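Count residues from 1 along the sequence. Only a predicted model underlies this, so the values are computations on that prediction, with no experimental measurement involved.
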Amino acid sequence: MSHIFVSHVEEDSSLAGELAAGLEAAGYATWHYQRDTVPGAAYLIQVGKAIDECSAMMLIASPKSLDSNQVTNEVVRAFESGKHFIPVLSGITDAELKERQPLWRQALGASTSIPIPRR
């Protein structure tokens, strides 16, 4: 099933859940780690499959996620799979994202970021 994959770090899991709920209320299907992984299967396999099957990746870019190897791996996999990106800025600016994560900058291309208010 086609869905929007919500990429985030554990510290942003509450925000990921809120954004997923909002997307679902608008009629979109979503996938995010805390809710959709199942015990037993390797999480890397589950995440990879979810990225492969998604239509787009919503990337929650925050100070913590900028330092996450896991989120970087997810961004790279989505980029290599030709996915569309929806960057959501939480507690950072677009300039900071581009400066601190040049790899993400390349992968996101010309995607327009959506800033959300500090919480």
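Distance check: Q101 CD to T72 OG1 gives 4.0 Å after rounding to the nearest 0.5 Å. Annotation: the span from I116 atom CD1 to S90 atom OG amounts to 4.0 Å, rounded to 0.5 Å. For the atom pair NE2 of H32 and OG1 of T37, the computed distance is 10.0 Å after rounding to the nearest 0.5 Å. To the nearest 0.5 Å, atoms CE (M57) and CH2 (W31) are separated by 10.0 Å.
When all heavy atoms of I92 and S62 are compared, the pair lying nearest together is CG2-C, 4.0 Å. Across every non-hydrogen atom of G91 and P63, the tightest pair is O-CG, 3.8 Å.
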Stepwise side chain to side chain contact (heavy atoms under 4.5 Å, CB included) test for F85 and F79: CA-CA 8 Å; F85 285 93; F79 172 76; 4.2 Å; yes
Evaluation steps, side chain to side chain contact (heavy atoms under 4.5 Å, CB included), between V47 and N73: CA-CA 10 Å; V47 168; N73 290 338; over 6 Å; no
Evaluation steps, side chain to side chain contact (heavy atoms under 4.5 Å, CB included), between H8 and L15: CA-CA 9 Å; H8 66 285; L15 175 58; over 6 Å; no
Derivation and outcome, side chain to side chain contact (heavy atoms under 4.5 Å, CB included), residues V75 and L103: CA-CA 9 Å; V75 168; L103 182 64; over 6 Å; no
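Applying the salt bridge (charged side-chain N to carboxylate O under 4.0 Å, His left out) rule to E99 yields no partners; only residues at least two apart in sequence or on another chain are considered. A56 pairs by the side chain to side chain contact (heavy atoms under 4.5 Å, CB included) definition with H84, I86, not counting sequence neighbours.
Under the 4.5 Å side-chain heavy-atom criterion for ILVMFWY residues, no single connected hydrophobic cluster contains both V6 and V38. Note: the hydrophobic cluster containing Y33 does not contain I45 (ILVMFWY, side chain heavy atoms under 4.5 Å, direct or indirect links).
Within the structure, the salt bridge (charged side-chain N to carboxylate O under 4.0 Å, His left out) test picks out no pair touching residues 4-17 (sequence neighbours left out). Screening residues 78-95 for salt bridge (charged side-chain N to carboxylate O under 4.0 Å, His left out), with sequence neighbours left out, gives D94-K98. Within the structure, salt bridge (charged side-chain N to carboxylate O under 4.0 Å, His left out) contacts touching residues 67-79 (residues at least two apart or in different chains) are D52-R77, D67-R100. Residue pairs that meet the salt bridge (charged side-chain N to carboxylate O under 4.0 Å, His left out) test with at least one member in residues 20-32, sequence neighbours left out, are E24-R35.
Under the 3.5 Å distance criterion, the side-chain polar atoms of S65 are matched with a main-chain donor or acceptor of I60.
Between T30 and M58, the closest side-chain pair of non-hydrogen atoms is not below 4.5 Å.
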